[in-house]
Visitor: 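Following this message is one structure expressed as structure tokens.
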Amino acid sequence: MQSFDKEFINIGYLDTLSYKQTLVHRLHPCTKLIVTFAFIVTVVSFPKYEIQGIMPFFLFPVFIISAGDIPVALILKKLLVVSPFVLFVGIFNPVLDTRIMYYVYGLEITGGWISFASITVKFILTVSSALLLVAVTSFPGICYALQRLGVPKIFIVQLLFLYRYIFVLAEETMRIVRARNMRSFGKRGKGIKSFTSLLGVLLVRSMERAESIYQAMCSRAFDGSIRLVNAFSLTLTDMIFAAITITAFIIFRRYDVAEMLGELLLT
Amino acid sequence: MHMSDALLSPVVGATFWAGSLGAVAYCASKLKQNIDEKLIPLMGILGAFIFAAQMINFTIPGTGSSGHIGGGMILAILLGPHAGFITIASVLIIQSLFFADGGILALGCNIWNLGIFPCFIVYPYIFKIFVQHERNARTVTIASVISVVMALQMGALSVVFETLLSGRSELPFVTFAAMMLPIHLAIGVVEGFITAGVINYVRTARPEVLENAMTSTPAVIGDSMNTFLLTIGLAALITGGGLSWFASTHPDGLEWSIEKVMGSPELSAPESGIHPGMKKLQEKAAVLPDYDFRTDEADQSISEDNWPAVNAGRSVSGIVGAFMVLGMIFLTGFVIKSFKNIKPKI
């Protein structure tokens, strides 16, 4: 989360993407949520020193990207932005675990590098699948699915409110940032003190806005809950999609497809 | 400070998911009991405020680089523990989905690390105690700084524990903790003063907001203790269920995790009953003996120090296979994509 302005534009971009009409976009949000979760749990369940067995799992994000018409560059860019923490923690593995695990044509490969590579592969798969979920499912759709899966209603209402207000407040904040930039010189004027009072002003302004929104909603018969339109229905396509993907996950988890293919090729 | 999917094992991830879900359900029911409808838009807009606040960078004193705030403690103080927790959890969901901060499986851990500690430990036991008798600029500042520092330290320590329990990283506990805690101490002090400034601003501009949050949750100490016990209980219960579920789908991943957990003596008792059964299950579940042999060999060699010579031919076939699989997958992607591009012209 380095430069938030760009991140904010990306939320809007992901939001626009999620309203496309493709095969994966039309799937029921519940199906996509469950399949994505199953995917992540399966990928993460691979033991520490596994790399080749995870490879077949790239099929899932690649399928969603290509079938859902999602720009690859967007996903790759996001992956780069959030990678530092995982890479920082993972890079200690090669330093600390120096036992030699494989000899490949005289090249010694230590356990640390293998587990580091495994962490990196898992990172790419899990993060991209989470991003792809929102790229092919609208946020109200996800909230609807969460509600169907039993998440408390008040939490769903909170998510919907929050999502809506991010866009409202972001525009106001951009104005504030622009105003501060015009009045400050280089780093001068961007210190903690002015920042804190800016935040205070923004906060009080937000609270006033919340009150007027509340009054406006009350006069339009708000009773504490938002009703989500049931625009989705589980179809045969959903069943087939879920059955195929989850069976594939189980098969890829049980059998080392990469190893088998390699053996087939070499013998 | 967000925990990541790639560093987690499924068992640890599921446990914290269970704990966090339990806490969300508890807070939701608590809010429902004495619902103040005004609170709903306020929670929404304060969650959005955290995102907005992160858009504004500030110069970190002494370093010259710029940073942005986390803001969990501000929410806990302004909304009280229950509404604050729900709001923090919703902010983290948006972050995990749209910003790829953390991940979906790690969401449980992140809600726990950044929500439970500020709302149910630091707020009632530290912040409230400091401002109980008088609320002036000085006490609020002291209380805010200490609270933010404590909440961040607990969260950072929790990240270390989760990483350690998952066993994906080689970092020993002491080294990892020695890196995480000082960094978050510095972050905590800076964020603490910002939090203090914001809270003091609210105290003078809109004093009733703070009063509302303080009084909306009477007898907060006994209350939060119950929450805590409830969450722990729920987490334990669902982990039990989760364990048996993993047993059927991912035998060796689970066994591996349990072994890791068994390594620490405090946790050995509850898991020992499941362990032998699991082993049997794994033997039954292993359909392909060849594969089974392979993992057994790998597992044993990991636990032993002397590394046996690994069949070079095997590993080469694995690498070749991995590249083949990747190649085929990306080819499939291109085929689907070009197929889709052709379609409209026809």
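Residue numbers start from 1 in every chain, and the chains themselves are labelled A, B, ... in the order their sequence lines are given, proteins ahead of strands.
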Visitor: Of the listed residues (B/I199, B/V198, B/L97, B/T163), which shares the most heavy-atom pairs with chain A below a 4.5 Å separation?
Guide: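 The option with the most such pairs is B/L97.
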Visitor: With a 4.5 angstrom heavy-atom cut-off, could you sort out which part of A/I213 is near chain B: side chain, backbone, both or neither?
Guide: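 Contact with chain B is through the side chain of A/I213 alone.
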Visitor: In the structure I gave you, are the side-chain heavy atoms of A/T196 and B/Y201 within less than 4.5 Å of one another anywhere?
Guide: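 No, side chains not in contact.
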Visitor: Got more than 12 heavy atoms from elsewhere within 6.0 Å of NZ, A/K193?
Guide: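 Check fails, neighbour count at 12 or below.
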Visitor: Side chain, backbone, both or neither: which part of A/F139 has an atom under 4.5 Å from a heavy atom of chain B?
Guide: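 Side chain of A/F139 only, per the 4.5 Å heavy-atom cut-off to chain B.
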Visitor: Kindly indicate whether the side chain of A/L169, heavy atoms from C-beta on, has any atom under 4.5 Å from the side chain of B/F49.
Guide: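 Yes, their side chains come closer than 4.5 Å.
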Visitor: Can you name the closest pair of heavy atoms from B/A28 and A/P152 and give their distance?
Guide: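 Nearest pair, atom of B/A28 first, then A/P152: CB-CB, 3.5 Å.
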Visitor: Specify the closest pair of heavy atoms between B/I94 and A/L162, including all atoms of both residues, with the distance to one decimal.
Guide: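 Closest pair (atom of B/I94, atom of A/L162, distance): CG1-CD2, 3.8 Å.
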Visitor: For the residue pair A/V82 and B/F99, establish whether any side-chain heavy-atom pair is separated by less than 4.5 Å.
Guide: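 No, too far: nothing below the 4.5 Å cut-off.
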Visitor: By a 4.5 Å heavy-atom criterion (distance strictly below it), what part of B/L46 contacts chain A: side chain, backbone, both, or neither?
Guide: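 Just the side chain, heavy atoms under 4.5 Å.
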Visitor: First locate atom CD1 of A/I91, then atom OG of B/S169, and finally report the distance between them rounded to the nearest 0.5 Å.
Guide: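 If we round to the nearest 0.5 Å, A/I91:CD1 and B/S169:OG are 11.0 Å apart.
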Visitor: Strictly distance-based, threshold 3.5 Å: is any side-chain N or O of B/R168 a donor or acceptor partner for the main-chain N or O of A/S115?
Guide: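 Such a contact is absent between B/R168 side chain and A/S115 backbone.
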Visitor: Using the side chain to side chain contact (heavy atoms under 4.5 Å, CB included) definition, which of the options A/R205, A/E208, A/R164, A/R209 pairs with B/I45?
Guide: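 Exactly one option meets the side chain to side chain contact (heavy atoms under 4.5 Å, CB included) with B/I45, and it is A/R209.
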Visitor: I want to check something: taking the side chain as every heavy atom from C-beta on, are A/Q158 and B/T87 in contact at a cut-off of under 4.5 Å?
Guide: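 Yes - at least one pair of side-chain heavy atoms lies under 4.5 Å apart.
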Visitor: Hey, are the side chains of B/I104 and A/T126 touching, using non-hydrogen atoms and a 4.5 Å cut-off?
Guide: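 No - every pair of side-chain heavy atoms lies 4.5 Å or more apart.
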Visitor: Is chain B contacted by the side chain of A/L133, its backbone, both, or neither, given a heavy-atom distance below 4.5 Å?
Guide: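 Side chain only.
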Visitor: What's the shortest heavy-atom distance between A/I166 and B/A48, and which atoms?
Guide: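 Scanning both residues completely, I find the closest heavy atoms to be N-CB, 3.6 Å.
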Visitor: When only pairs under 4.5 Å are counted, which of A/S118, A/G90, A/A67 shares the most heavy-atom pairs with chain B?
Guide: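 When all of A/S118, A/G90, A/A67 are compared, A/A67 has the most.
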Visitor: Looking at B/V24, B/V91, B/L171, B/L105, which one has more heavy-atom pairs under 4.5 Å with chain A than the rest?
Guide: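 Heavy-atom pair counts peak at B/L171.
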Visitor: Looking at every non-hydrogen atom in both residues, tell me the closest pair between A/A130 and B/S96 and how far apart they are.
Guide: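 Closest heavy-atom pair between A/A130 and B/S96: CB-O, 4.2 Å.
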Visitor: Side chains of B/L7 and A/F85: does their closest heavy-atom pair fall under 4.5 Å?
Guide: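 Touching, per the 4.5 Å side-chain cut-off.
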Visitor: What's the spacing between B/E170 CD and A/N93 CG if we round to 0.5 Å?
Guide: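 One finds 5.0 Å between CD of B/E170 and CG of A/N93.
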Visitor: Ring centroids only, cut at 6.0 angstrom: are B/F98 and A/Y13 within range, meaning strictly under it?
Guide: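 Not under 6.0 Å, so no.
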Visitor: Measure distances from B/I194 to the heavy atoms of chain A and classify the residue's part below 4.5 Å as side chain, backbone, both or neither.
Guide: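 Both the backbone and the side chain of B/I194 come within 4.5 Å of chain A.
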Visitor: A/T120 versus chain B, heavy atoms under 4.5 Å apart: side chain, backbone, both or neither?
Guide: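 Neither part; nothing is under 4.5 Å.
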Visitor: At a 4.5 Å cut-off on heavy atoms, which part of A/I70 comes close to chain B: side chain, backbone, both, or neither?
Guide: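 Backbone of A/I70 only, per the 4.5 Å heavy-atom cut-off to chain B.
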Visitor: Can you see which heavy atom on B/S4 is nearest to which on A/F123, and at what distance?
Guide: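 Distance-wise, the nearest heavy atoms are OG-CD1, 4.2 Å.
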Visitor: So which part of A/F88 gets closer than 4.5 Å to some heavy atom of chain B, the side chain, the backbone, both or neither?
Guide: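 The answer is the side chain of A/F88.
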Visitor: Name the member of A/V86, A/V43, A/D97, A/V127 that forms the most heavy-atom pairs with chain B at distances under 4.5 Å.
Guide: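 Ranked by heavy-atom pairs under 4.5 Å with chain B, first place is A/D97.
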Visitor: To the closest 0.5 Å, what do you measure between CE (A/M207) and CD (B/E208)?
Guide: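 Atom-to-atom, A/M207:CE and B/E208:CD are 8.0 Å apart.
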Visitor: Under a 4.5 Å heavy-atom cut-off, does chain A meet the side chain of B/L42, its backbone, both or neither?
Guide: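 Looking at B/L42, backbone and side chain both touch chain A.
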Visitor: Relative to chain B, which segment of A/I119 carries a heavy atom at a distance below 4.5 Å: side chain, backbone, both, or neither?
Guide: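 Answer is both: backbone and side chain atoms of A/I119 are under 4.5 Å from chain B.
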Visitor: For the interface with chain B, which of A/V89, A/V95, A/T22 has the highest count of heavy-atom pairs at distances below 4.5 Å?
Guide: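 Result: the option with the highest number of such pairs is A/V89.
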Visitor: Side chain from CB out, backbone as N, CA, C, O: work out which of these in A/V134 comes under 4.5 Å of a heavy atom of chain B, or both, or neither.
Guide: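 Answer is side chain: those atoms of A/V134 sit under 4.5 Å from chain B.
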Visitor: Taking all atoms of both residues into account, what is the closest heavy-atom pair of B/A53 and A/L199, and its distance?
Guide: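 For B/A53 and A/L199, the tightest heavy-atom pair comes out as CB-CD2, 3.4 Å.
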Visitor: Report which part of B/A89 has an atom under 4.5 Å of a heavy atom belonging to chain A: side chain, backbone, both, or neither.
Guide: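 The answer is both parts of B/A89.
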Visitor: Given heavy-atom pairs under 4.5 angstrom as the criterion, report whether the side chain, backbone, both or neither of B/I93 touches chain A.
Guide: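 Only the side chain of B/I93 comes within 4.5 Å of chain A.
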Visitor: When rounded to the nearest 0.5 angstrom, what distance separates SG in B/C27 from CZ in A/F155?
Guide: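 Result: 10.0 Å between the selected atoms.
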Visitor: Counting only non-hydrogen atoms closer than 4.5 Å, does A/I109 touch chain B with its backbone (N, CA, C, O), its side chain (CB onward), both, or neither?
Guide: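 Contact with chain B involves no heavy atom of A/I109 at all.
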Visitor: Can you confirm whether B/T332 sits close enough to A/V62 that some side-chain heavy atom of one is under 4.5 Å from a side-chain heavy atom of the other?
Guide: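 No. Closest side-chain heavy atoms not under 4.5 Å.
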Visitor: Non-hydrogen atoms of chain B under 4.5 Å away: do they reach the side chain of A/V168, the backbone, both or neither?
Guide: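 Neither; nothing under 4.5 Å.
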Visitor: With a 4.5 angstrom heavy-atom cut-off, is it the side chain or the backbone of B/L78 that approaches chain A, or both, or neither?
Guide: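 Side chain only.
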Visitor: Can you tell me how far NE2 of B/H82 sits from CD1 of A/I154, rounded to the nearest 0.5 angstrom?
Guide: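 Rounded to the nearest 0.5 Å, the CD1-NE2 separation comes to 11.5 Å.
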Visitor: With a 4.5 Å heavy-atom cut-off, do B/P10 and A/T42 have their side chains touching?
Guide: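 No; the side chains remain at least 4.5 Å from each other.
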Visitor: Count the heavy-atom pairs under 4.5 Å between each of A/F161, A/Y214, A/F92 and chain B, then report the option with the highest count.
Guide: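 Most heavy-atom pairs within the cutoff with chain B belong to A/Y214.
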Visitor: Roughly how far apart are A/L160 CG and B/I40 CD1, rounded to 0.5 Å?
Guide: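 Going from CG on A/L160 over to CD1 on B/I40, the span is 11.5 Å.
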Visitor: Between the side chain of B/D5 and the main-chain N/O of A/L125, is any donor-acceptor distance below 3.5 Å?
Guide: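 Between the backbone of A/L125 and the side chain of B/D5 there is no qualifying donor-acceptor contact (under 3.5 Å).
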Visitor: Please flag which part of A/F37 lies under 4.5 Å from any non-hydrogen atom of chain B: side chain, backbone, both or neither.
Guide: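 A/F37 touches chain B through side-chain heavy atoms alone.
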